[in-house]
Protein chains: 2
Amino acid sequence: MKDPSELPHPSRADLKLTQVLFALSDPARLAIVRHLAAGPQEMANCCAIDPNMPKSTKSHLMKVLREAGVIRNEAKGRNRLLSLRQDDIDARFPGLLQSVLAAE
Amino acid sequence: MKDPSELPHPSRADLKLTQVLFALSDPARLAIVRHLAAGPQEMANCCAIDPNMPKSTKSHLMKVLREAGVIRNEAKGRNRLLSLRQDDIDARFPGLLQSVLAAE
DNA sequence: TTCATGGTTCGAATATAGTTGAACCATCGA
DNA sequence: TCGATGGTTCAACTATATTCGAACCATGAA
């Protein structure tokens with residue numbers, strides 16, 4: 001019984017460095033990644049970043065991060081649980097996330 | 001006596017993480033960075049990568065990398081000497097370049 | 001079951017980035 | 001000093017990304 005509301009996520013082996021770098025190269029997306037570094041958050045809470053942002057735009061940001069393999073986006077009741085795929089990124093690109101998160 | 005053929009380079013303090021990540025997020029640009037990691041190279045030699053690429057396109061790639069502060073592009077006689085700004089990037093974003101270059 | 005909620009998807013518009021020929025510029029060799 | 005060489009800049013075009021309203025879809029609460 002597969003949940004049809006599950007979104008596609010690339011497998012660890014399919015992560016592409018340039019795609020990950022691109023996903024991180026936008027200030028809004030990088031801010032989300034920084035937020036998630038502290039632990040998984042529900043989308044509704046996490047994006048206190050800019051409450052004025054239309055939800056379709058928010059959803060798009062998450063899509064870019066998800067398709068790059070940077071975050072996981074899972075259904076959780078009526079909400080979405082967002083989490084950083086730290087293990088996967090660390091496994092494929094050791095030190096990358098750490099240095100990005102440490103920067104300034 | 002300032003050389004008018006000197007191109008503008010951002011200072012170390014002006015490097016922006018997202019801009020650096022963006023510059024590295026393109027396969028062709030990343031390939032150039034990898035080449036330069038071995039040491040400075042003249043543009044004519046370095047870009048054996050794709051000899052068919054028009055020079056205006058090559059020049060544009062270099063511009064994006066230069067303006068992000070990733071590479072230095074200096075006049076050297078009739079040619080251009082390209083070099084990775086490893087010291088500056090390391091100083092501002094420790095470990096970043098290393099992890100990017102180490103990836104696969 | 002019905003409604004409100006939180007989020008995705010679609011489609012169209014806008015903005016940004018990449019590609020390229022042509023014009024130009026400085027340098028070195030003849 | 002003239003021409004060839006290596007490269008930048010400009011302008012126009014194409015392609016890709018972003019933005020956002022509207023339609024839609026599950027879920028949980030009433």
Side-chain angles (χ1 to χ4, degrees), chain A residues 1-9 16 18-32 35-36 40-68 70-83, chain B residues 1-9 16 18-33 36 40-68 70-83:
Chain A
M1 216 180 281
K2 190 155 180 332
D3 187 343
S5 73
E6 263 180 37
L7 298 171
H9 290 74
K16 287 178 190 61
T18 51
Q19 198 179 355
V20 169
L21 292 174
F22 180 80
L24 298 174
S25 74
D26 174 72
R29 291 192 299 254
L30 184 55
I32 292 166
H35 272 235
L36 293 181
Q41 296 190 27
E42 292 188 7
M43 188 162 164
N45 308 332
C46 166
C47 284
I49 300 172
D50 183 359
N52 301 340
M53 180 180 286
K55 54 187 184 171
S56 55
T57 305
K58 250 184 277 190
S59 187
H60 178 70
L61 288 183
M62 299 308 172
K63 184 182 187 185
V64 173
L65 288 168
R66 173 176 53 82
E67 289 180 341
V70 175
I71 68 171
R72 210 175 286 281
N73 181 346
E74 300 165 298
K76 186 192 179 187
R78 210 166 6 184
N79 301 10
R80 289 277 159 183
L81 185 65
L82 304 175
S83 54
Chain B
M1 211 171 293
K2 190 156 180 333
D3 187 343
S5 72
E6 262 179 39
L7 298 171
H9 291 74
K16 287 177 190 62
T18 50
Q19 199 179 356
V20 169
L21 292 173
F22 180 80
L24 298 174
S25 74
D26 175 72
R29 291 191 300 253
L30 184 55
I32 291 165
V33 169
L36 293 180
Q41 296 191 27
E42 292 188 7
M43 188 162 165
N45 307 332
C46 165
C47 285
I49 301 173
D50 183 359
N52 301 338
M53 179 179 287
K55 53 186 184 172
S56 54
T57 305
K58 251 185 276 191
S59 187
H60 178 68
L61 289 182
M62 299 309 172
K63 185 182 186 184
V64 173
L65 288 168
R66 173 176 53 81
E67 289 180 341
V70 175
I71 69 171
R72 211 175 284 282
N73 181 345
E74 301 164 299
K76 186 192 180 188
R78 209 166 6 182
N79 301 9
R80 290 276 159 182
L81 185 65
L82 304 175
S83 53

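The sequence lines fix the lettering, A, B, ..., with proteins before strands; numbering per chain opens at 1.
- Proximity note for B/P54 (side chain, C-beta onward) versus C/dT9, C/dG21, D/dT19: the nearest is C/dG21.
- Atoms CD and CZ, on B/E74 and B/R80 in that order, are 9.0 Å from each other to the nearest 0.5 Å.
- Two residues are said to be in side-chain contact when any heavy atoms from C-beta on lie closer than 4.5 Å; B/R29 and B/L24 fail this criterion.
- Position along DNA chain D of the nearest nucleotide to A/L61 versus A/G77 favours A/L61 as the more 5'-ward residue.
- To the nearest angstrom, C1' of C/dA26 lies 17 Å from CD of B/E74.
- Residue A/N73 has a polar side-chain atom (N or O) positioned under 4.0 Å from OP1 or OP2 of C/dT8.
- Across the protein-nucleic acid pair, A/E6 atom CD and D/dC25 atom C1' stand 16 Å apart, rounded to whole Å.
- Taking atom NZ on B/K76 and atom C1' on C/dT27, their separation rounds to 14 Å, with Å as the unit.
- Between B/R29 atom CZ and C/dG18 atom P the separation is 5 Å, expressed in whole Å.
- For the pair B/N73 and B/H9, the minimum side-chain heavy-atom distance is below 4.5 Å.
- For B/S56 against C/dG21, a side-chain-to-base donor-acceptor contact under 3.5 Å is present.
- As a whole-Å value, the separation of B/M43 CE from C/dT27 P is 17 Å.
- As a whole-Å value, the separation of A/L81 CG from C/dG7 P is 11 Å.
- Contact annotation: A/H60 reaches the phosphate of D/dT18 (side-chain N/O to OP1 or OP2, under 4.0 Å).
- Nearest-nucleotide positions on DNA chain C for A/R78 and A/T57 put A/R78 closer to the 5' end.
- Closest heavy-atom contact between B/E67 and B/Q19: O-NE2, 3.2 Å.
- Counting only heavy atoms from C-beta outward, the side chains of A/L36 and A/V70 never approach each other to under 4.5 Å.
- Rounded to an integer number of Å, the gap from A/M53 CE to D/dT19 C1' is 9 Å.
- Rounded to whole Å, atom C1' of D/dA4 lies 11 Å from atom NZ of B/K55.
- The nucleotide whose nearest atom lies closest to any side-chain atom of A/S59 is, among C/dT9, D/dG6, D/dA17, C/dT9.
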